[in-house]
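In what follows, residues are counted from 1 in the order of the sequence shown.
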Amino acid sequence: MHKGDSYNNSIVIDKGRQHLYHYDKNGKLVFHTPVSTGANSGKKTKAGDLKTPTGKFSISRLEPNSNPKIYGDPRFWRLRGTGFSGIGIHGDAGHPEMIGLPASHGCIRMPVDSLNSF
């Protein structure tokens, strides 16, 4: 995040702070929560590198998750524009103690109790 950047109608993932910020159409912060991003730092270059992609993406759809035990919740927000088909935002994957730490396979993990607000 950079001072002066416009975040109108955006979701910003700050991998350094392990935090998600949601801004409304006027650029007002309306929601934030700690998250867990990829276990490895840096820009994602290949599937399986345990990194979260960097860049601008959109949520392509909300999908039902057929195995909520894996993701911690039946919701999965699929991200479009990452270059990797399996990247999304989902629950804490049964590891709430890892929220706030880089620990995912590349997705953005969110506390399950924050999913309802999101």
Side-chain angles (χ1 to χ4, degrees):
M1 297 173 50
H2 301 92
K3 188 175 182 178
D5 282 352
S6 172
Y7 295 111
N8 296 1
N9 200 29
S10 298
I11 297 167
V12 175
I13 308 298
D14 186 327
K15 294 192 293 184
R17 291 189 174 114
Q18 294 294 304
H19 218 84
L20 175 147
Y21 304 91
H22 177 210
Y23 297 88
D24 69 10
K25 64 182 179 179
N26 299 311
K28 178 183 174 190
L29 179 64
V30 293
F31 176 78
H32 65 92
T33 186
V35 295
S36 178
T37 62
N40 292 331
S41 63
K43 185 174 175 150
K44 188 167 195 68
T45 58
K46 61 182 177 178
D49 64 8
L50 304 183
K51 297 177 182 179
T52 298
T54 302
K56 293 184 179 184
F57 313 106
S58 60
I59 294 177
S60 62
R61 65 186 178 270
L62 173 61
E63 302 178 355
N65 172 21
S66 61
N67 193 344
K69 289 181 182 179
I70 292 175
Y71 297 113
D73 190 84
R75 294 167 282 196
F76 184 94
W77 285 270
R78 175 84 49 200
L79 297 180
R80 177 183 22 216
T82 66
F84 301 92
S85 63
I87 300 295
I89 300 172
H90 60 73
D92 61 27
H95 296 284
E97 72 280 3
M98 300 304 286
I99 296 297
L101 302 171
S104 80
H105 292 128
C107 286
I108 295 96
R109 295 180 185 171
M110 182 185 295
V112 173
D113 60 349
S114 292
L115 288 169
N116 290 328
S117 300
F118 182 63

Taking all heavy atoms of [X] and all of [Y], pick out the closest pair and write down the distance.
X    : Y    : result
A103 : M98  : CB-CE, 3.5 Å
C107 : H90  : CB-NE2, 3.4 Å
T52  : G106 : OG1-O, 2.9 Å
T33  : M110 : CG2-CG, 3.9 Å
R80  : S60  : CB-CB, 3.7 Å
I87  : F76  : C-CZ, 4.2 Å

Can you tell me how far [atom2] of [Y] sits from [atom1] of [X], rounded to the nearest 0.5 angstrom?
X   : Y    : atom1 : atom2 : value
L20 : S114 : CG    : OG    : 9.0 Å
R78 : R61  : CZ    : CZ    : 5.5 Å
Y21 : L29  : OH    : CG    : 8.0 Å
I13 : I108 : CD1   : CD1   : 4.5 Å

Between [X] (side chain) and [Y] (backbone), is there a donor-acceptor pair under 3.5 Å?
X   : Y    : value
N40 : D49  : yes
D14 : Q18  : no
K44 : K51  : yes
S36 : P102 : no

(request) Each residue besides I99 in its hydrophobic cluster should be listed here, by chain and number; the cluster joins Ile, Leu, Val, Met, Phe, Trp and Tyr at side-chain heavy-atom distances under 4.5 Å. (result) none
(message) Can you confirm whether or not the ring centre of H22 sits under 6.0 Å from the ring centre of H32?
(response) no
(message) Between K15 and T54, is there a side-chain donor-acceptor contact under 3.5 Å, judged purely by atom types and distance?
(response) yes
(message) Within the structure provided, determine whether D24 and N9 are in side-chain contact (heavy-atom separation under 4.5 Å).
(response)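 Of all side-chain heavy-atom pairs linking N9 with D24, none is under 4.5 Å.
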(request) Apply ring pair (Phe, Tyr, Trp, His ring centres under 6.0 Å) to H105 and list each qualifying residue two or more places apart in sequence or on a separate chain. (result) none
(request) Apply the test side chain to side chain contact (heavy atoms under 4.5 Å, CB included) to residues N26 and N8: give CA-CA distance (whole Å), side-chain angles for both, the deciding distance (0.1 Å), then the verdict. (result) CA-CA 5 Å; N26 299 311; N8 296 1; 5.9 Å; no
(request) Given side chain to side chain contact (heavy atoms under 4.5 Å, CB included), test V35 with I89 step by step and report yes or no. (result) CA-CA 9 Å; V35 295; I89 300 172; over 6 Å; no
(request) Identify whether L115 and I11 are in the same connected component of the hydrophobic contact network (ILVMFWY, side-chain heavy atoms under 4.5 Å). (result)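 In one cluster with L115: I11, yes.
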